[in-house]
Amino acid sequence: MSIFSFLFKGQNLPDEIQIMDREVYKEAISKGKVQLVDVRTKAEFMSGHIKGAKNIDFFQGPAFEAAFSTLKKDAPVYIYCQSGSRSQRAAKRLVDLGFTKVYDLRGGYRSWSY
């Protein structure tokens, strides 16, 4: 195993998923109506979230998948969590559900600034 592959293990994401830095993410979601989803818990969401985000809690199992069934699978989905770990897991699940473009905020809500 090379040092590069060791440092970036777990970063093998499907082609449908792209992790975006805060500024690129902010620019992308500012361009009109987008599917913006906060996958944190309701309590986390209520303590602060990105304006316009819909809260779909990753930990709600079948309810998580049911909530995403109302979104367009062929339109980009922008997701985030608190730090970026949970949203990466959510992104992989979305690809499994048939979503074709999933954008994740690097560093999660923690990295967000208004």
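We use all heavy atoms of the structure for the numbers below, so side chains are in, but hydrogens, waters and symmetry mates are not. For clarity, every value in this text was computed on a predicted model and none was experimentally measured.
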Chemist: I need the single residue from Asp96, Val95, Val102 that forms a side-chain contact (heavy atoms from CB on, under 4.5 Å) with Phe99. Which is it?
Modeler: Val102

Chemist: If you measure from OH on Tyr103 to CD on Glu16, what distance do you get to the nearest 0.5 Å?
Modeler: 11.0 Å

Chemist: Does a donor on one side chain and an acceptor on the other come within less than 3.5 Å for Tyr80 and Asp104?
Modeler: no

Chemist: Compare every heavy atom of Arg106 with every heavy atom of Ser111, then report the nearest pair and how far apart it is.
Modeler: OG-O, 3.0 Å

Chemist: Please name the pair of heavy atoms, one in Ala90 and one in Val39, separated by the smallest distance, quoted to 0.1 Å.
Modeler: CB-CG1, 4.2 Å

Chemist: Check Lys92 against Pro14 and note the closest heavy-atom contact, atom names and distance.
Modeler: CG-CD, 4.4 Å

Chemist: Quick one: ring-ring contact (aromatic ring centres under 6.0 Å, His included) partners of Phe64, sequence neighbours excluded?
Modeler: Phe58, Phe68

Chemist: Over all heavy atoms of both residues, which pair between Ser87 and Cys81 is shortest? Give the atoms and the distance, please.
Modeler: N-SG, 3.3 Å

Chemist: For the residue pair Phe59 and Arg86, establish whether any side-chain heavy-atom pair is separated by less than 4.5 Å.
Modeler: yes

Chemist: Give, for atom CD of Gln88 and atom CD1 of Ile79, the distance between the pair rounded to the nearest 0.5 Å.
Modeler: 9.0 Å

Chemist: Given Gln35, which of Lys54, Lys72, Lys101, Lys73 fulfils the side-chain contact (heavy atoms from CB on, under 4.5 Å) condition?
Modeler: Lys72

Chemist: With a 4.5 Å cut-off on side-chain heavy atoms, are Leu71 and Leu94 touching?
Modeler: no

Chemist: Using a 4.5 Å cut-off on heavy atoms from C-beta on, say whether the side chain of Arg110 contacts that of Gln82.
Modeler: yes

Chemist: Hydrophobic cluster membership, with links at side-chain heavy-atom distances under 4.5 Å among I/L/V/M/F/W/Y: are Phe45 and Val34 in one?
Modeler: no

Chemist: Considering all heavy atoms of both residues, which atom of Asp57 and which atom of Thr41 are nearest to each other, and what is their separation?
Modeler: OD2-CA, 3.5 Å

Chemist: Walk me through whether Asn55 and Lys42 qualify under side chain to side chain contact (heavy atoms under 4.5 Å, CB included).
Modeler: CA-CA 7 Å; Asn55 183 220; Lys42 183 173 183 159; 4.0 Å; yes

Chemist: Please walk me through it: do Leu105 and Tyr78 pass side chain to side chain contact (heavy atoms under 4.5 Å, CB included)?
Modeler: CA-CA 8 Å; Leu105 174 60; Tyr78 295 84; over 6 Å; no

Chemist: Quick check for you: to the nearest 0.5 Å, what is the distance between Arg40 atom CZ and His49 atom NE2?
Modeler: 8.5 Å

Chemist: Would you call Trp112 and Lys26 a side-chain contact if the rule is heavy atoms closer than 4.5 Å?
Modeler: yes

